[in-house]
Amino acid sequence: MPGSPAGVREALGPVGGFPHVGAARAWAGMNATVPGGRWPSTVPSTASGTRARPRSEDAGARRNDLYDLAAPLPSYVSGRVALIGDAAHAMTPDLGRGACEALVDGVTVARELTGRARVEDALAAYDASRRRPTRRLARAARIMNRAVHTPRHIAPVRNSAMRLFLAVGRPPA
């Protein structure tokens, strides 16, 4: 990718530049480091080398940390209150399913509320139907995140394993 030196790719894993409204290029990358840390030195210099000049203390690079729920919640419901989306099952964006699952949660809550007389029963049904699949997706996203951020010397083993999983037809989740 033009303008994306190997040092940035090595520091962040997958890195991408893409057009952004009001800017020539926006950069996205993931780094499994301690939240609140600083960008590797190669990132701000690459970002500031593009026509778009983001503004921040890191030579123009803005950093937004990502979080997931390390331990799944025992329930998404307490009485007449239900959690949906990231509030219930925050996951890393490695599968691209977060927003989709929030929409499915909302549709499920609506369906259960219109099909049952008691709110408590509807929310219990929502919890029973959504907790297992969203836990599996969150776990799969975490596994994918770890696989993507494999140290360089282990990457060939990871790549072979992924090819094998894809040939068999089931992702490692």
Side-chain angles (χ1 to χ4, degrees), residues 1 4 6-18 20 26-44 46-47 56 58 61-78 81-112 123-173:
M1 167 182 325
S4 193
V8 173
R9 189 169 306 285
E10 200 171 298
L12 291 179
V15 173
F18 49 91
H20 190 301
W27 291 87
M30 302 230 359
N31 187 349
T33 59
V34 177
R38 300 195 56 83
W39 285 110
S41 62
T42 53
V43 174
T46 300
S56 86
D58 285 323
R62 184 184 323 180
R63 177 190 173 114
N64 294 311
D65 293 329
L66 300 172
Y67 300 92
D68 67 343
L69 292 175
L73 298 175
S75 176
Y76 297 166
V77 173
S78 178
V81 176
L83 300 175
I84 65 170
D86 281 351
H89 45 75
M91 60 185 82
T92 62
D94 299 278
L95 298 180
R97 296 288 307 203
C100 174
E101 295 307 312
L103 291 170
V104 174
D105 288 349
V107 169
T108 303
V109 168
R111 184 187 66 229
E112 296 297 344
L123 296 182
Y126 153 73
D127 187 50
S129 69
R130 293 297 296 149
R131 204 163 4 110
R132 185 171 182 221
T134 54
R135 280 182 174 180
R136 283 191 355 239
L137 283 168
R139 185 175 60 243
R142 189 175 296 114
I143 289 168
M144 184 61 72
N145 184 273
R146 289 180 182 151
V148 167
H149 300 289
T150 305
R152 177 168 260 171
H153 67 282
I154 299 174
V157 174
R158 174 207 57 205
N159 295 346
S160 296
M162 291 304 290
R163 278 192 287 278
L164 175 65
F165 286 126
L166 292 173
V168 172
R170 285 198 74 199

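Note that the structure is a prediction, hence the values are computed from the model and not measured. Basis for what follows: all heavy atoms, side chains included, without hydrogens, waters or symmetry-related copies.
Contacts of Arg131 classified as side chain to side chain contact (heavy atoms under 4.5 Å, CB included), with partners at least two apart in sequence or in another chain: Tyr76, Asp127, Arg135. Glu112 meets the salt bridge (Lys or Arg N to Asp or Glu O under 4.0 Å) test with Arg116; sequence neighbours excluded. By the side chain to side chain contact (heavy atoms under 4.5 Å, CB included) test, Leu83 pairs with Leu73, Ala87, Ala88, sequence neighbours left out. Scanning for side chain to side chain contact (heavy atoms under 4.5 Å, CB included) contacts around Ala82 gives Val77, Leu123, Tyr126, with sequence neighbours left out. For Arg97, the side chain to side chain donor-acceptor pair (under 3.5 Å) criterion is met by Glu101, not counting sequence neighbours. Remark: Arg142 engages Asp68 in a salt bridge (Lys or Arg N to Asp or Glu O under 4.0 Å) (not counting sequence neighbours).
Taken to the nearest 0.5 Å, the OG1 atom of Thr134 stands 12.0 Å off from the CD1 atom of Ile84. For the atom pair CG (Asn159) and CG (Leu164), the distance works out to 12.5 Å, reported to the nearest 0.5 Å. Atoms CG and CG, on Asn145 and Leu95 in that order, are 9.5 Å from each other to the nearest 0.5 Å.
Among all heavy-atom pairs drawn from Ala141 and Met91, the shortest one is CB-CB, 4.3 Å. Shown here for Gly85 and Ala102, the closest heavy-atom pair between the two residues is CA-CB, 3.6 Å.
Inter-residue side-chain proximity for His89 and Leu137 is flagged as unmet; no heavy-atom pair is nearer than 4.5 Å.
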